[in-house]
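Everything below concerns the one structure shown next.
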Amino acid sequence: MKKILVTGGAGFIGSHTVIELLKSGFEPVIMDDFSNSDVRALEGLQKICERNLIVYQLDCTVEENLRKVFSEQLPIGVIHFAAYKAVGESVENPLKYYHNNLASMVQLLKVMGTFGVNQLVFSSSCTVYGQPDVLPVIEDTPERFAESPYGYTKQVCERIMRDYCSANPNFNCALLRYFNPIGAHHSGEIGELPYGVPNNLVPYITQTAAGIRSELTIFGSDYNTPDGTCVRDFIHVTDLAKAHVKALGWLENQNGICEAFNIGQGVGNSVLEVVKSFEKVSGLSLNYKIGDRRPGDIEKIYADTSKANRVLKWKTELSLEQALTDAWRWQNKLDDSAKK
Ligand code: UFG
């Protein structure tokens, strides 16, 4: 079986991608320092896959750690998820973000070069666009000044890979620019595990519905959008995970390329629409109020995904309702296991 190194493979998107890799006949090799992920993800994965997985609990900013994994496992490609991702925290502690997100990128490329591994799929973000003038946003849209150190690390990592590809003509790289990943595996065995108070909308909604939070605050209702709340492109994490496998397949047939792809549903939904949709799928009435705008939020963004549809032969299959149903199932399962 062809081995694929999955850095950050115990995280939210990484763990779902591990399943899709196995389903497509790859052998994932998980490398994760568990600083922002949980062993419960591995337990869930092992249940879904009904087998043991190859896991290294190691920090991938350390070159020696990467060398160990590469020499023991000889992966043929890498999917690089390992990174910190909280926008607000990155403003408070920028060096934590610059060190972790950039050092891991540089060390990984160095070690890939040493071992002659030439296929890399990178977790980028629609944050590289800022607030685009024209929607849906296409990959050629010029980048805007990054609002946060987190966003800047994604822009810099993309630049590092472009420069590395220019200098190494055999190297192949897909930059997947995620929009807003939500949902959970339909089995309810893995999903998002936010620490403390969630920053993101959907975990906040499910925790409010579960009674863990008393009330959801919708940040702003005076935006220039149909209902006044922000618009985002929400994509089921399983659809997103599948894009990585498609990208790997595409990279195998390339010879020196570095391409960015928008990975979203291609549809904009407002925050209020998500709340209403959750109420519909759960049959519950959600306790929410309208609050002030959250600093740094952009008004609206959604993806033009035609490049990924055409080039990667990938498209989404799951709806917003399915994603919210799966997120709610996962929340209930978490609450049940906490009660045991
Ligand atoms: N929101 C609320 N209440 C909450 C949480 C969020 O109203 O309690 C709103 C936000 O204001 C925003 C929308 O829900 O309008 C989505 O917010 P998220 O925090 O879920 O997601 P973001 O769009 O802010 O962030 C996502 C990714 C980041 C990425 C960013 C790029 O999570 O990693 O998009 O814009 F950097």
Side-chain angles (χ1 to χ4, degrees), residues 8 11-14 36 81-91 97 101 122-132 135-137 141 143-158 175-183 192 194 196-209 212-237 240 262-265 267-278 286-303 320 323-324 327:
F12 176 44
I13 307 170
N36 204 18
F81 293 105
Y84 293 141
K85 60 175 186 180
V87 176
E89 186 192 41
S90 78
V91 175
Y97 277 69
N101 295 7
F122 174 65
S123 287
S124 190
S125 165
C126 67
T127 195
V128 300
Y129 297 119
Q131 174 64 67
L135 292 173
V137 64
T141 303
E143 285 179 2
R144 288 271 165 84
F145 176 76
E147 292 282 345
S148 66
Y150 160 77
Y152 191 48
T153 66
K154 292 295 174 191
Q155 290 182 340
V156 174
C157 281
E158 286 202 1
L175 315 173
L176 303 190
R177 294 177 177 163
Y178 309 155
F179 283 68
N180 286 55
I182 59 165
E192 212 167 350
V197 182
N199 288 310
N200 296 116
L201 178 64
V202 171
Y204 210 107
I205 289 177
T206 58
Q207 289 197 7
T208 305
I212 301 166
R213 312 277 154 214
S214 58
E215 180 177 58
L216 168 78
T217 302
I218 294 183
F219 298 133
S221 63
D222 56 352
Y223 285 100
N224 181 25
T225 58
D227 63 22
T229 65
C230 289
V231 167
R232 294 288 184 277
D233 183 331
F234 297 93
I235 174 172
H236 196 299
V237 64
L240 175 57
N262 285 341
I263 307 294
Q265 181 77 260
V267 175
N269 283 109
S270 74
V271 172
L272 203 53
E273 279 173 341
V274 175
V275 169
K276 295 290 165 206
S277 184
F278 177 80
L286 197 73
N287 197 19
Y288 70 88
K289 66 170 186 204
I290 305 292
D292 292 341
R293 290 183 175 198
R294 182 171 70 176
D297 269 343
I298 56 164
E299 188 167 84
K300 51 183 173 238
I301 188 162
Y302 51 96
L320 175 65
L324 294 170

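Note that ligands are numbered from 1 as they come in the structure, with each ligand's atoms numbered from 1 the same way. Every value quoted in this text rests on a predicted model; they were computed, and no experiment measured them.
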Q. To the nearest 0.1 Å, how far is atom 3 (N) of ligand 1 from its closest protein heavy atom, and which atom is that?
A. Thr217 O, 2.8 Å
Q.
Could you identify the single nearest non-hydrogen protein atom to atom 20 (O) of ligand 1 and state the distance to 0.1 Å?
A. Leu201 N, 2.8 Å
Q: May I ask which of Thr225, Asp297, Ile301, Ile205 has a heavy atom nearer to atom 11 (O) of ligand 1 than the others do?
A: Asp297
Q. Which is closest to atom 25 (O) of ligand 1 by heavy-atom distance: Asn180, Ile218, Ile290?
A. Asn180
Q: For Val271, take its heavy atoms, then give the atoms of ligand 1 lying under 4.0 Å from any of them.
A: 7 (O), 9 (C), 13 (C), 14 (O), 15 (O)
Q) Mind checking whether Ile13 and Val237 have side chains closer than 4.5 Å, heavy atoms only? A) yes
(Q) For the 3.5 Å polar cut-off, considering only N or O atoms, please tell me whether Asn200 and ligand 1 meet it. (A) yes
Q) Which residue holds the protein heavy atom closest to atom 33 (O) of ligand 1, what is that atom called, and what is the gap in Å? A) Tyr150 OH, 3.4 Å
**Q.** Tyr288, Phe219, Tyr129: member with heavy atom nearest to atom 1 (N) of ligand 1
**A.** Phe219
Q: Report yes if the side chains of Gln155 and Ser124 come closer than 4.5 Å at any heavy-atom pair, otherwise no.
A: no
Q | Under 3.5 Å: donor-acceptor pair, side chain of Asp233, backbone of Asn180 | A | no
Q) Which residue and non-hydrogen atom of the protein lie closest to atom 31 (C) of ligand 1, and at what distance in Å? A) Thr127 CB, 3.5 Å
Q. Think Arg232 forms a cation-pi with Phe179, using NZ or CZ under 6.0 Å from the six-ring centre and within 45 degrees of its axis?
A. no
Q) Using the ring of each side chain (for Trp, its six-membered ring), is Tyr178 parallel, tilted or perpendicular to Phe81, with breaks at 30° and 60°? A) tilted
Q | Identity and separation of the nearest protein heavy atom to atom 15 (O) of ligand 1 | A | Cys230 CB, 3.0 Å
Q) Which residue supplies the protein heavy atom nearest to atom 5 (C) of ligand 1, what is that atom called, and how far is it? A) Asn199 O, 3.4 Å
Q. When you look at Thr225 and Ser270, which way does the side-chain contact (heavy atoms from CB on, under 4.5 Å) test go after all the steps?
A. CA-CA 8 Å; Thr225 58; Ser270 74; 5.6 Å; no
Q: Let me see the working for Tyr302 and Gln265 under side-chain hydrogen bond (donor to acceptor under 3.5 Å, both in side chains), right down to the final yes or no.
A: CA-CA 8 Å; Tyr302 51 96; Gln265 181 77 260; over 6 Å; no
Q: For the residue pair Glu147 and Tyr152, confirm or rule out a side-chain donor-acceptor distance under 3.5 Å.
A: no
Q) Is there side-chain contact between Leu272 and Ile218, with heavy atoms separated by less than 4.5 Å? A) yes
(Q) Is there a polar contact between ligand 1 and Ser125, counting only N or O atoms under 3.5 Å apart? (A) no
(Q) Which heavy atom of Ser90 sits nearest to which heavy atom of Ser148, and what is that distance? (A) OG-CB, 3.7 Å
Q: Looking only at distances, please establish whether an N/O atom of ligand 1 is found under 3.5 Å from an N/O atom of Phe234.
A: no
(Q) Using heavy atoms and a 4.0 Å limit, tell me yes or no: is Ile298 in contact with ligand 1? (A) no
(Q) Is it the case that over 12 heavy atoms from other parts of the model lie below 6.0 angstrom from the CG atom of Asp222? (A) yes
(Q) Just to check, does Phe179 reach to within less than 4.0 Å of ligand 1 when the distance is taken from its heavy atoms? (A) no
(Q) Nearest non-hydrogen contact with atom 17 (O) of ligand 1 belongs to which option: Gln131, Arg293, Arg294, Arg232? (A) Arg294
Q.
Looking at ligand 1, is there an atom of it that comes within less than 4.0 Å of some heavy atom belonging to Gly151?
A. no
